[in-house]
Amino acid sequence: MQFFVIGDEDTVLGFRLAGVEGETVKTPEEARDSLDRAFQRPGIGVIIMTERAAESIRPQVDRLVYKSELPLIIEIPGLAGPMEGRKTVKEMIRQAVGIQL
């Protein structure tokens with residue numbers, strides 16, 4: 001199972017240094033096309049998207065999250081940090097599991 005990252009240039013570069021392929025996107029159209037390509041690639045099990053890239057195409061992301069088992073779409077903060085009003089990963093785990101880490 002492979003990972004694939006979609007987001008701003010710095011985030012994608014950081015993941016590439018760790019051996020994860022990805023695509024830099026700047027517009028909603030680029031994000032939409034990149035996500036479509038990632039879903040068509042065999043072997044991709046996890047798609048990592050920056051929150052801002054995912055938010056720019058929210059209806060498509062939500063549709064794929066609820067429709068598809070794999071690949072899993074994970075949203076992460078970009079270089080600018082988490083978007084206002086978004087839960088942190090720690091908060092999501094606490095809510096899902098009921099245990100504070």
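Worth saying up front: this structure is predicted, and the values here are computed from it rather than measured.
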Undergrad: State plainly whether one hydrophobic cluster holds both Val5 and Phe39, where clusters connect Ile, Leu, Val, Met, Phe, Trp and Tyr through side-chain heavy atoms under 4.5 angstrom apart.
TA: no
Undergrad: Using the side chain to side chain contact (heavy atoms under 4.5 Å, CB included) rule, take Leu35 and Ile73 through it: C-alpha gap first, then chi angles, then the decisive distance, then the call.
TA: CA-CA 10 Å; Leu35 186 57; Ile73 299 175; 4.2 Å; yes
Undergrad: Search all heavy atoms of Ala31 against all heavy atoms of Ala53 and return the closest pair with its distance.
TA: CB-O, 4.1 Å
Undergrad: Mind checking the CG-CE spacing from Leu72 to Met1? Nearest 0.5 Å is all I need.
TA: 8.5 Å
Undergrad: Would you say Ile48 ends up clustered with Val25 if hydrophobic residues are merged whenever their side chains have heavy atoms under 4.5 Å apart, either directly or through other cluster members?
TA: no
Undergrad: Any carboxylate oxygen within less than 4.0 angstrom of a Lys/Arg side-chain nitrogen, looking at Glu55 and Arg52?
TA: no
Undergrad: Rounded to the nearest 0.5 Å, what's the gap from CG on Asp8 to CD on Glu51? Could you check?
TA: 11.5 Å
Undergrad: Are more than 12 heavy atoms, taken from residues, nucleotides or ligands other than Glu29, located less than 6.0 Å from that residue's CD atom?
TA: yes
Undergrad: Using the rule that Ile, Leu, Val, Met, Phe, Trp and Tyr join whenever any side-chain heavy atoms are under 4.5 Å apart, tell me whether Met49 and Tyr66 fall into a single cluster.
TA: yes
Undergrad: Tell me whether Ile6 shares a hydrophobic cluster with Ile76, the cluster being built from Ile, Leu, Val, Met, Phe, Trp, Tyr side chains joined at under 4.5 Å.
TA: no
Undergrad: Hydrophobic cluster membership, with links at side-chain heavy-atom distances under 4.5 Å among I/L/V/M/F/W/Y: are Leu64 and Leu70 in one?
TA: no
Undergrad: Give me the atom names and distance for the closest heavy-atom approach of Ile44 to Phe3.
TA: CD1-O, 4.2 Å
Undergrad: Could you go through the side chain to side chain contact (heavy atoms under 4.5 Å, CB included) check for Asp36 and Gln60 one step at a time?
TA: CA-CA 10 Å; Asp36 287 341; Gln60 180 182 7; 2.7 Å; yes
Undergrad: So, taking the atom named CG in Asp10 and the one named OG1 in Thr24, what distance separates them when rounded to the nearest 0.5 Å?
TA: 9.0 Å
Undergrad: Quick one: CD1 on Ile47 to CZ on Arg37, what's the gap to the nearest 0.5 Å?
TA: 11.5 Å
